[in-house]
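Below is one structure, written out as structure tokens; the observations come after it.
Keep in mind that this is a model prediction, so the values were computed, not measured. All chains are named by letter (A, B, ...) in the order of the sequence lines, taking the proteins before the strands, and each is independently numbered beginning at 1.
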Amino acid sequence: MMNAAIQSHLAQLQIVKAKVLAALRKGENYELKTELNSEYKERRKEAVRRVIANMTVGKDVSGLFTDVLKNMHTDDLEIKKLIYLYLINYAKTQPDLVILAINTFVKDAEDSNPLIRALAIRTMGCLHVQEVLDYLSDPLRKCLRDSSPYVRKTAVMCVAKVYDLNREVAEENGFVDAVREALGDANTMVVSNAVSALAEMNSMGGRVWQLEPQTVGRLLTAVNECVEWGQIAILEALIEYEPRDEKEAENICERLLPRLQHANGSVVLCTVRLLLRYGRYVKRADLLAQFSKKMVPPLITLLSSEPEIQFVALRNINIILQQRPRLLSKEIRVFFCKYNDPIYVKFEKVDVLVRICSERNADPLLAELKEYAKEVDVDFVECAVRAIGRLAMRFEAAAERAIAVLEELIQMKVDYSLQISVVVLCDILRRYPGKHESAVTTLCDHADHINAPSARAAYLWALGEYSEHVRNVAGLLGAGVDSLLEEEDAVVQLALVNACVKYFLKQPQAAQALVLRALQTASEKCADPDVRDRAYVYWRLLSADPNAARAVVLTEKPPVRPESNSLPEGLLEELIGELGCVSSVIQQPAKQFVYAYGEHAGVPRGGADAAISAADSEAQATSSGNIETAAIEGEPELLISF
Amino acid sequence: MSLESLFILNTAGYVAPAFARYLSSVPSLADAEPVWSGPQDTICIHIQRKELVYLGIVSEEVPPIEILEFLDGVVQALSEYIGQLSELTIKENFVTVYQLLSEMVDSGSVVTTDTTVLRGLVPVPSLVNRVIENVSGIGLGSEKRPNVNTSATPWRRQGIRHTTNEFFVDIVERIDTIVDSSGSIISYDVSGDISCKSRLSGMPDLTMVLNRPDIMDDVAFHPCVRRRKWDEERTIGFVPPDGQFKLASFHAAMDTSSKVLPLHVRALSTRKDNIYTVEVMLEPGQCNGRTIEKVSVKVPLPQQAYNIGVQCKAGTHAVTNARSPQVEWSLKTVKSADRGLRLVIQYLLRGASAGSSGKGSTAPSAEQGALAAFIDFEVAGFSASSIKVDALRLLRESYKLFKGVRYVTTAGSYQVRF
């Protein structure tokens, strides 16, 4: 009873609260209404400000439409702008009321102040209301021929908006033609705006514009005098252009070079993209070398900007480097990670580092990567250690040093870096068969600490492969067999069985008891069917013909290939063409080629490492004892004959 | 390019649920990739500055760097008008923010981010104006109606008058470096800005001559600089905008012998049983005997550190604990004769296994986490790249010009590894 009463009271309170709030809100609008009609200018101004403030936070102030409109006749530019904002916001929902404002717009479009003329024409375009179109045509035509370039450039942009609303109106009134003519305007701001307006109309599906050779020349002159955003608009338009011959391409490139020196990274990147694109038509080696040389300092400068820009720059540099691997090889140090770089920048930097490294500077890079491997972020440590492996795979001369670094990391006994170091170390051993066997001793010394499945599998593989170099291999493997069933991962169990069999084939006397125990445990007690099958196969193979077994198990392994640095030529060309665009940065399957690229790259951690190329991910996949499987499957007849 | 919408968010991102969801998928805002795909085939591009996030939405193939540069331009323009940007100041100045944005973008395409141009379009709100308006009820804004400048020099309007004609140049250089525990330089970079403050009447035409222009291997100039003159004569010729502007930013090519470090920092990290000790020693380096000011050394400690004890003879120290503990040591000045400036930090580590230290208990181990120190400083009157202004000549105007040049070298990203 009590509860019910309380609840009904609460419900009533809720209703009262809602009513009070509604009244308050209404009250505020009512108050604003009075203020908007106040006889004092300053109070009206303040009221307009408050209306806009309410609008931004999502309160409904559409009821004040007529009262706000009354204030439109004013000399105060700030108020005018705010009211225009208000109109843009409510035009879509109340197109009829907007017509009330048209008169003021038309009048403003003829004001003596160009700022107001431009504002009026811009706002009329932004209203995006069919009804306004009829009233817009006349002022727009006048503004396109206005004496002030500020008005002309605004009018040009307005044409694109009209075109979006109604193509016939835009074309029949000659607006589109006027924009094409504006490409020859004396003022560069008008030219660049005309370019963006035409590009925008093109992107709406209308083929209103195609770059002519003579226009290209004019744009290249204009681009030198534009403000940065105008430059970008023009540069982007040039991407679409196909040069007629080599001479023209050379000329365009040379005239673009000064654009590389700009504080706006976007101008720089766009110019690089154009140089790479037109560079395809250029045959002269000295010119191409000059272009490359000029590209380097601005790309480096991008790396001292804000981390977000660094990130985009690095992603693009990564793609450029796949086409021109030597472009930045002297600049390796600028890619060294700072301790406080955001993690996404660090990943990209390490990737670039490995890509630009040459045999000559592998040593300092390895020392650097070792520093990274000591950091606390687990993902970054893994990234660094894997990079060490990639270097060793690429340069045989660096392998020894790389192994020394990995051994050092293992000796530090920091759990996560130890595990990943073991895996990478074994990958390197696999790459260079029959060398660096002393490293296995380090692995054995730290056997107790190796506990991640992938690391244990790698370690066991090494035991089997290099059993002749390990002192107490029987004891180590024996301990493994004892705890075979406790291993959680089938990968480790498989690796252990493989290792025992290998050891047996190399030293039959010493290992007979061990291998028997291992195969028995694995085939009878193991839960995993793969492990049981493998044990059975080995068992039969061994009992039938040890020589055949030797031929299979100790066969020459297919060599692990080093990371190949290239994407298919055509694909790369396409990527370079799209350089800097969203798809090449987030590597999303927005288009077919991006999809293909992503597939190739084997994308760990949300694409951060996407540029690790196919061969490398293959190398990782083949680690941990799968090579034996490959060898066995390579000779199926042998198995079937038993 | 077509920017569909622009959000200014606090770091919690309440207004944009998609952003909040994205944030929850990454460890921290600082580690979130700035370009990501949002709901309904949109691409979201954001930057973070202080406590605010600026998020732009696009839905077509555009270069993200354009959006990033634009967002950065927005931040700069807003801070020039409003000052310190925060949730509160943005809300308080929404009218200015609105006016600025409407001048900066026109239906998705960027018009300008140049603050000298914007100043001509949107009046800078000044406190005095506000007070007068409110008290007297007379709007001042209408009288000083901004006008568009359509001259050949869009960055400078006609008929500027100043009672005194002054021109000040600030050459501010940043040293970005990584130094390893033995004191050798791993990476080293000097970049700088030439900022000017112009209070000149009429249409002055200036020429600035630098002593070593060739050391600048990548220069970006303000649009007012005549490119050709630079390419041919290596001098900077320009008609300056009025007020404050950045004339050029450059990157200096430094050979091995000319790499100077104004402040030498050595750091040593040791462990004895469970006590970790970090020692940081400061010593003035090569900076022509100038006093190093505003020195601060930040040492981030691992998250598990506790019982942190700090000792230093000079300066003050503070321990902050945001995401993980950090010790900051500040000294007002370091003079060229100062020696033996030392900071000692001792701490214990939660969950550090005594066994893992094994035989070499003093060997640095990754477990200690404290791996680098970040240094900040300022040296006035010193230029790391040794670039100097040799001459500043005035043409076209006949008045006497008062000029001043200042050199400052600061630490950009200056870090020392242990």
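- When each of A/N340, A/V296, A/I52, A/V227 is checked for heavy-atom pairs under 4.5 Å with chain B, A/N340 comes out on top.
- Ranked by heavy-atom pairs shorter than 4.5 Å toward chain A, the options B/D189, B/D176, B/T113 are led by B/T113.
- For chain B, the option among A/N264, A/L82, A/L119 with the highest count of heavy-atom pairs below 4.5 Å is A/N264.
- For the pair B/Y98 and A/M55, the tightest heavy-atom approach, listed with the atom from each and the gap, is OH-CE, 4.1 Å.
- For the pair A/E228/B/E69, no side-chain contact is recorded, criterion being any heavy-atom separation below 4.5 Å from C-beta on.
- Most heavy-atom pairs under 4.5 Å with chain A: of the set B/T112, B/D114, B/I186, B/D180, this distinction falls to B/I186.
- The contact between B/S249 and chain A is made entirely by side chain atoms (from C-beta outward), counting heavy-atom distances below 4.5 Å.
- When each of A/K338, A/R273, A/H262, A/R43 is scored by its heavy-atom pairs under 4.5 Å with chain B, the top score falls to A/K338.
- Within the 4.5 angstrom heavy-atom criterion, only side-chain atoms of A/E371, from C-beta onward, approach chain B.
- Contact of A/K294 with chain B is not made at all, since no heavy-atom distance falls under 4.5 Å.
- At a 4.5 Å heavy-atom cutoff, A/N193 makes no contact with chain B through either its backbone or its side chain.
- In this structure, chain B has a heavy atom under 4.5 Å from the side chain of A/K153, while its backbone stays farther away.
- A/S304 touches chain B through its side chain: at least one heavy atom from C-beta onward sits under 4.5 Å away, while N, CA, C and O do not.
- Aromatic ring orientation, A/Y339 versus B/F374: tilted (interplanar angle from 30° to 60°).
- In this structure, chain B has heavy atoms under 4.5 Å from both the backbone and the side chain of A/I309.
- Two residues are said to be in side-chain contact when any heavy atoms from C-beta on lie closer than 4.5 Å; A/Y344 and B/P34 meet this criterion.
- Within the 4.5 Å cutoff, the side chain of B/I47 has no heavy atoms near those of the A/E306 side chain.
- Contact annotation for A/Q411: neither backbone nor side-chain heavy atoms come within less than 4.5 Å of a heavy atom of chain B.
- Interface check for chain A: of the options B/H251, B/Q48, B/R227, the most heavy-atom pairs under 4.5 Å are formed by B/R227.
- The shortest non-hydrogen separation linking B/D31 to A/I343 is OD1-N, 3.3 Å.
- With a 4.5 Å cut-off on non-hydrogen atoms, B/P223 does not touch chain A at all.
- Heavy atoms closer than 4.5 Å to chain A are found nowhere in B/R174, neither backbone nor side chain.
- Once rounded to the nearest 0.5 Å, the distance linking OG of B/S109 with CE of A/M157 reads 3.0 Å.
- If you take CG on B/L68 and CD on A/Q310, they are separated by 11.5 Å, rounding to the nearest 0.5 Å.
- Side-chain contact between A/F347 and B/E33 is absent, with no heavy atoms from C-beta onward closer than 4.5 Å.
- There is no contact between A/Y40 and chain B, counting heavy-atom distances below 4.5 Å.
- With a 4.5 Å cut-off on non-hydrogen atoms, B/L101 does not touch chain A at all.
- Classification of A/R122 and B/E103 as a salt-bridged pair holds, one side-chain N sitting under 4.0 Å from a carboxylate O.
- For chain B, the option among A/E225, A/Q261, A/H449 with the highest count of heavy-atom pairs below 4.5 Å is A/Q261.
- Considering only heavy-atom pairs separated by less than 4.5 Å from chain B, the leading option among A/H128, A/E308, A/R333 is A/E308.
- Here B/D106 is the residue among B/D106, B/I45, B/D217, B/I178 with the most heavy-atom pairs under 4.5 Å with chain A.
- By the 4.5 Å heavy-atom criterion applied to side chains, A/K374 and B/R417 are not counted as neighbours.
- A/K81 touches chain B through its side chain: at least one heavy atom from C-beta onward sits under 4.5 Å away, while N, CA, C and O do not.
- Interface remark: of the candidates A/S305, A/A313, A/P342, A/P342 forms the most heavy-atom pairs closer than 4.5 Å to chain B.
- When B/H222, B/Q415, B/K91 are compared by the number of non-hydrogen pairs under 4.5 Å with chain A, B/Q415 comes out ahead.
- Only the backbone of B/A32 comes within less than 4.5 Å of a heavy atom in chain A; its side chain stays farther off.
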